[in-house]
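See structure below.
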Amino acid sequence: MRFQIMYLVNNLSHETYRIPNLARGMSTAIDNSDQALIDAIKRGSSGAFERFFKNHYQALCGFAATYVKDADAAEDIVQNTFLTIWQKREGLELRQSLKSYLYTSVRNACLNKLKSEKIRDQYRAENIGADEGGESSDHLEEMELSERISNAITAMPPERQKIFLMSREEGLKYKEIAEKLDKSIKTVENQMGKALKYMRVELADFLALVIFLNFLLG
Amino acid sequence: MNSEAQHIDYDLLSKYFDGETTDSENKSVEQWAATSEENSAEFKRIKKAHEFTSQATLFDTNSAWDKMKAKMDAPSEEQKVIQLPSQEARRPARLKWAVAASVVLLAGLFIGLQKPWISNQTTFAAANVASDSLVLPDGSFIDLNSESSIAFEENGLKNERNVQLTGEAFFSVKRNVEKPFVITTNHSQIRVLGTSFNVKAIPGTNTDEVVVSSGKVMVTSSESGNSVELVKGEKAIVYSETGTVVKINKAPDKDLYWKTKTIRFRNTELDSVVKILEEVFHVSIRISQPSAGKIPVSSTFKDESVEYILETIAATGRLTLIKTGKNAYRIDGEGNSTP
């Protein structure tokens, strides 16, 4: 499970284990701009809600897909979560930022979606009671990881992005990608290598954290 | 292999993690990873980077938003008949909804049912921002103007798409060539396949008006059976007494004002501007000096109050706006058409 380590971090003390620059610019507290956004949504501003939706949709779907392992189901969950927020906007009272509320809601919906008790129990066992936190637990690392991956994908040069997604999304072999795009296999290898390097750099602080914890946990 | 970061062969590592390497390539990767502590750690990090992005997907945010938008506008419960409560005509078309859960109601029945909804009015007023349109089971949107209602049978949309309209509504009909969408009013029948258009059928008036925003619409008089076909930008007026259907090539902005909240003047004389504003905003405006009525006005107003519009026009034409009553204005001054 990809977020196993991350959950452990949540359950330990943040102060002790968080790599310092990991949370830069991130907060689960409500700041002024967040309050303004909440107010606008409560007033029924669909423009504000649209920006809010578009800012987070890609990352949230990626986040949800890590639980439900299915892109369509992930999209459904994310859309329903946004819809519920919209429908209940008038009663929206948050003790945390709208973003962390959003991620918590999506995660809970994902866990509900894993209907079979067996799957859920197995998941819980693997993640050491991580989903019991409810609204109060924050998911800084997961949120940021999803956002980083999402930003990294969208920021790739078009050709590389296309090749990368054909491999990751469609599960095609390099040879198949080369044939489909009428490119040499060397080009595909090269673009995939660059994409991997790019991800290595973009996710550097997460990777450091994971290795650090692996070391701690033996 | 050198352990310095810039010498890492990412092309090879990517192939390795994607399971596309040969035996000898595997060996060379594993050898490199085993060379030093640092290489080993770096190998693990790159492996993680691969793992974290192994299911990377690009989601279509814009089309997801379009879907969301449709759901956001939909009423949250099954609602079959919608009646807008009456309200002051001071600001036109501020949409408020009252909703009845009854399955079928004919237009005439609404009068008897007005009262219970009055108590609901505040509730709906609070929610009015998002509730300015409804989505029918077939995916069509309807925006209702105030004091208007739409009725349809519960399963009336499955075989044929028939609705009854009293008052004014803007329709965005989901295209379905098999099942035409038919709107029946007191005086006319409007038949479409998939398009958007406005229907104004105010009870107690002798005319129905249809304005088309997109697509093609067929308007038929119930009295005479006469019909016209309308395309984008065109308008039809159905006269109930004679059964005449008149087609107008260019529908004025004011016809869709309640929906678009936009009103445009292009070299329009102030006399005409005032007439349009009176009609749209239900106010009365008097121009004290006849010469001022000839001043041309060119401006676009979006979602502005009538007072703001009049003040802007007055300031541009060197006129004075005086508010003479709650919904009454007077424009003084000779005016100067060169701003």
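Residue numbers begin at 1 in each chain, while the letters A, B, ... track the order of the sequences. These figures come from a predicted structure and were not determined experimentally.
- With a threshold of 4.5 angstrom between heavy atoms, K186(A) does not approach chain B through any atom at all.
- Your options are L203(A), I149(A), N190(A), I153(A), and the one with the most heavy-atom pairs under 4.5 Å with chain B is N190(A).
- Residues E176(A) and K180(A) are not paired through a salt bridge, judged by the lack of any N-O separation under 4.0 Å between the basic side chain and the carboxylate.
- For F49(A), the parts lying under 4.5 angstrom from a heavy atom of chain B are both the backbone and the side chain.
- Residue contact with chain B, scored on non-hydrogen atoms closer than 4.5 Å, involves the backbone and the side chain of L83(A) alike.
- For residues 156-169 of chain A, the salt bridge (Lys or Arg N to Asp or Glu O under 4.0 Å) pairs, not counting sequence neighbours, are E159(A)-K183(A), R168(A)-D18(B).
- Salt bridge absent: K27(B) and E30(B) never bring a charged side-chain N and a carboxylate O closer than 4.0 Å.
- A salt bridge is defined here as a Lys NZ or Arg NE, NH1 or NH2 lying under 4.0 Å from an Asp or Glu carboxylate O, and E25(B) with K15(B) meets this definition.
- Defined by atom type and a distance below 3.5 Å, a donor-acceptor pair is missing between the side-chain atoms of S146(A) and Y103(A).
- Within the 4.5 angstrom heavy-atom criterion, no atom of S150(A) approaches chain B.
- Aromatic ring pairs are classed by plane angle as parallel below 30°, tilted from 30° to 60° and perpendicular above 60°; the pair H56(A) and F52(A) is perpendicular.
- By the 4.0 Å N-to-carboxylate-O rule, D9(B) lies too far from K197(A) to be salt-bridged with it.
- Using a distance-only test at 3.5 Å, with no hydrogens or angles considered, no donor-acceptor pair links the side chain of N39(B) to the main chain of T35(B).
- For Q161(A), the part sitting under 4.5 Å from any heavy atom of chain B is the side chain, from C-beta outward, and nothing else.
- For residues 61-68 of chain B, heavy-atom neighbours of chain A at less than 4.5 Å comprise T61(B), N62(B), A64(B), W65(B), K67(B), M68(B), sorted by residue number.
- The residues E147(A) and K99(A) are annotated as salt-bridged, a charged nitrogen and a carboxylate oxygen being separated by less than 4.0 angstrom.
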